[in-house]
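Quick note on labels: first sequence line is chain A, next is B, and so on, each numbered from 1.
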Number of protein chains: 2
Amino acid sequence: MKTANDLFKEFKILSVSEFFKKNADMLGYTGKIRSMTILVHEMVTNALDACEEAHILPEIRVEIDHRGDSHYEISVEDNATGIPLKFIPDVFGKMLAGSKAHRNMQSRGQQGIGVSGAVMYSQVTTGQPAVIISSTGEEMWEVKMNLDLQKNAGKIIEKNKINDNGWRGTKIVIEAKDVTYNKSKYSPYNYLRMSSIANPHARIEFIEPDGTKILFPRSSKTLPKSPKIMKLHPRGMSTDDLLVMAKNCRARKLGSFLRSELARVSRKKAEEIERVSGVSLDKNVSRLTWNDAERVVNAFKKIDFMAPSSEGLIPIGEENIIKGLSLINPEFSVAITRAPKTYRGGIPFIIEVGLAYGGKSEPGIEIIRYANRSPLVFDQGGCVINEAVKSIDWRRYRVNLESTPLTVFVNVTSTHIPYTSAGKQAIAMEEEIFNEVRFGIMETCRGLKRYMDSKRRAYRKKQRIDSLLKYAPETSKAISRLTGRDTDKVKNLFIKLIEKKYA
Amino acid sequence: MKTANDLFKEFKILSVSEFFKKNADMLGYTGKIRSMTILVHEMVTNALDACEEAHILPEIRVEIDHRGDSHYEISVEDNATGIPLKFIPDVFGKMLAGSKAHRNMQSRGQQGIGVSGAVMYSQVTTGQPAVIISSTGEEMWEVKMNLDLQKNAGKIIEKNKINDNGWRGTKIVIEAKDVTYNKSKYSPYNYLRMSSIANPHARIEFIEPDGTKILFPRSSKTLPKSPKIMKLHPRGMSTDDLLVMAKNCRARKLGSFLRSELARVSRKKAEEIERVSGVSLDKNVSRLTWNDAERVVNAFKKIDFMAPSSEGLIPIGEENIIKGLSLINPEFSVAITRAPKTYRGGIPFIIEVGLAYGGKSEPGIEIIRYANRSPLVFDQGGCVINEAVKSIDWRRYRVNLESTPLTVFVNVTSTHIPYTSAGKQAIAMEEEIFNEVRFGIMETCRGLKRYMDSKRRAYRKKQRIDSLLKYAPETSKAISRLTGRDTDKVKNLFIKLIEKKYA
């Protein structure tokens, strides 16, 4: 038997980068194909977010070069604002650093892990630094950098100032081994195709390893509205959240703190909170105890607030979904943007569903999933969207799970997507999200059912007409013999009659 | 349009605790039932690992008390070595700290996140500190502590020395809100039942919120061998791994470094590595470049090594799996421990599969999944075990997916389980693991098929005998009339004849 002292000799502390290096599967780096797509995904996500924040119509260029056995170079270029030199090591080399995680705002990335994870994967498999070229309009730099995993920090190895040539944006170039390229459903090609469907305002150029140039053109020239930072809604807050905010806010008294920092808290609502919680609005926020905060949060739950504003949430929009789905050339398509809802009490989200029937859809249901317009390619089995699709009684809508060629498009827009893993490929089973996806599908399915019914009616009608027309020549001959009229004339009249009666 | 400087004003860095607080879904805290079970899971995992490391037959006591609306107190007590006072804040309050992550050794926990995550969930939902009582044999302390999330550190609020009463072990008590208790498949009850199946050497006592006391008794008194720290196998190493190890090792020259730090590298193998890589064994390890290390790692891939030793891997064992499955009272059961294999080139793992037919199994296939004996209750859809089960052509083995009452037990034992998420509920799609699970199932299925065939034969035989016996009375009467013998005697002879012929 061992003693405690024997055992605790081994006690150590890992950095977050070391943790994700050991557990690269949690970032999605499992297998050669998936690893390649995750690299592209993380870099493109960053590029699109950068354009969105700067309110620029995205022009993204992705290039994959073959370098050797399971060895590729991948570069992604955007036309956003560029990154000031001093932030480059943190943006691309420090996990949990960034401008996204601590703000209550819709964005594709939300963790500050993704692109640093890509640089880490590159470094661990090739030992090569990442190359970042970025121009802010004031300065343009080319930087070679790598990661100090034990310190969780980016380290510049070499930097060169470049003469401004008018270009603005950022280009990141990494090498990676243990990856491979193909054109399957799980490939960068399909990932970019899916990105294009949900981002019709983006122009995405893709150069495959064999030199093939693919353009996913811009199908909508309207720049979507920019997402906005939103105040937190009282209903979405925990006691702990409230205390952390209180500690860091500028307001001195509880009343002004609640009114200035939270959404939907008017002077009147603040007074109601005071009444229900018994905590004085004059209380100094720096002296707020857990007990006070808990009473305030419990009061939040008892009081009616206006639903959280969704003006900061920017869905894709029905028209743009239809435009996006037109890539599939469907025979019929329908899309819906549902009204904003909240989960966990106060985190706002919007569900959008699109259906595309026929065209390039394969027999059976294909689900294409998005979170804040970013395609979710892997881990479908563990995603709330998949559960919602499975829960639908498809036969009611004339859909045969095995043979109907149907693409189901679902996009979840939120200030905070509840991912099941840092790899951001599946959304957790939050009940409100599950229900909304279901309702969205059912709503679009009614349109589909009408189409399928009319299609079926048209088919039956055609069958009936066809079977009557079969007898037309014989019947016309007989009538012509009986009446002495011209056979062809009788036949034409007869056909017109059938078509008129059954059309 | 915004400039880079506007955008980068918002740049901040999160601590790993803040990250997981914002993304509690990634630790598995989604919904009230799941959150409750995850809390119990993390605390029990820690308790069982502590006993295993100390080589002690585990006696675990779990108690859940109802405190109010969605509000419970949960305590878990073990009989391991206890934790020295100075380590308590790190063990229960600092994420990524621990003795498990950096050693190449089989254990249930492997991240140093789980139990700190439970304390975090408790604190965020209730504001209450965790209470830790621990006795190492030298000292016994009761500590109240909480987490400083911004610093990712445990903080002792109050500590009291307690007079030694002979008890050794650790007890952790936390409160939690936004949790609930029931007895479903996803409940702590079922989690503990599953734990008991895979840990027949553990005695687990469970007190439910209504006071019901449930004992999962020890069904095997043999303590499993203790897992051992294993050296890394060359085939499982990346260039980066090799460089990090080289930087931290005691050896001075490459040759002695390889022989002392890696598994299966003899003097002869080292010379082969030198020949294939072209890197001198006399090279000073501190001067090893990426290029050198990469050539060495490439040589690893070209050279034949003995497979990694699996002596440090402790599977459950066929006999113990059968003992565990006896909880289901099956009509038929079979289990197999496969030979050790490796994934990603060099990480050793062992697959075990058990099948239990009939008894308390419900109609249809129920999969019960384990990783290092720890039950995986959630996220089945995204787990390699599920994919492997789905890939089997069950009809070949007389199994009807809808009606056959079959429990499929799978345990993956490894020094490093490739989880898809920090919540540790699903194993990533590593191809070698997928194949081994498949082979394991197919092997056990052959036993099942034999049983099902013999069962079917027995049934057919019985049908045949029954139909012959139906005619026995009439036939006997007729024979008795013809021969003048006693009817009953004839009948008995006749029945014996049928049974002899068709038995």
Chain A contact via [X] - side chain, backbone, both or neither, heavy atoms under 4.5 Å:
X         : value
Leu243(B) : neither
Ser134(B) : neither
Lys247(B) : side chain
Leu149(B) : side chain
Lys94(B)  : side chain
Val244(B) : side chain

- Item | Among the listed options Gly28(A), Ala422(A), Gly31(A), Ala426(A), the residue most often paired with chain B at heavy-atom distances under 4.5 Å |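 Heavy-atom pair counts peak at Ala422(A).
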- Quick one: which of Leu27(A), Asp379(A), Ile427(A), Asp240(A) has the most heavy-atom pairs under 4.5 Å with chain B, could you say?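 Top option by heavy-atom pairs under 4.5 Å: Asp240(A).
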- How about Lys32(B) and Ser70(B): does a side-chain donor come under 3.5 Å of a side-chain acceptor?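 Indeed, the side chains of Lys32(B) and Ser70(B) share at least one donor-acceptor pair under 3.5 Å.
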Between chain A and each of [options], count heavy-atom pairs under 4.5 Å; write down the option with the most.
options                                   : value
Gly382(B), Gly127(B), Ser238(B)           : Gly127(B)
Thr126(B), Thr125(B), Thr239(B)           : Thr126(B)
Glu431(B), Glu18(B), Lys177(B), Gln380(B) : Lys177(B)

- Message: Looking at Tyr29(A), I'd like to know if the NZ or CZ of Arg34(A) sits under 6.0 Å from its six-membered ring centre while staying within 45 degrees of the ring's axis.
- Response: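 Arg34(A) over Tyr29(A) ring: no.
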- Query: Which heavy atom of Met429(A) sits nearest a heavy atom of Val384(A), and at what distance?
  - Reply: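 Looks like SD-CG2, 3.7 Å.
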- Task: Check for a donor-acceptor pair, side chain of His416(B) on one end and backbone N or O of Lys22(A) on the other, with a separation under 3.5 Å.
- Result: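 Flag set: sc His416(B) to bb Lys22(A) pair under 3.5 Å.
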- Side-chain donor or acceptor of Glu432(B) paired with backbone N/O of Tyr343(B) under 3.5 Å: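 No: the side chain of Glu432(B) does not pair with the backbone of Tyr343(B).
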- Task: Could you tell me which residues satisfy side chain to side chain donor-acceptor pair (under 3.5 Å) with Thr180(A), sequence neighbours excluded, listed by chain and number?
- Result: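 Listed in chain order: nothing, the list is empty.
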- Query: Hey, what do you get for CG (Leu242(B)) to CH2 (Trp290(B)), rounding to the nearest 0.5 Å?
  - Reply: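 Rounded to the nearest 0.5 Å, the CG-CH2 separation comes out at 9.5 Å.
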Heavy-atom distances under 4.5 Å only: say whether [X] touches chain B with side chain, backbone, both or neither.
X         : value
Asn386(A) : neither
Gln150(A) : side chain
Glu294(A) : side chain

- So Asn152(B) and Ser17(B), side-chain hydrogen bond (donor to acceptor under 3.5 Å, both in side chains) or not? Walk me through it. CA-CA 5 Å; Asn152(B) 181 31; Ser17(B) 316; 2.6 Å; yes
- Pair Asp25(B) + Arg344(A), salt bridge at N-O below 4.0 Å: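 Arg344(A) and Asp25(B): salt-bridged.
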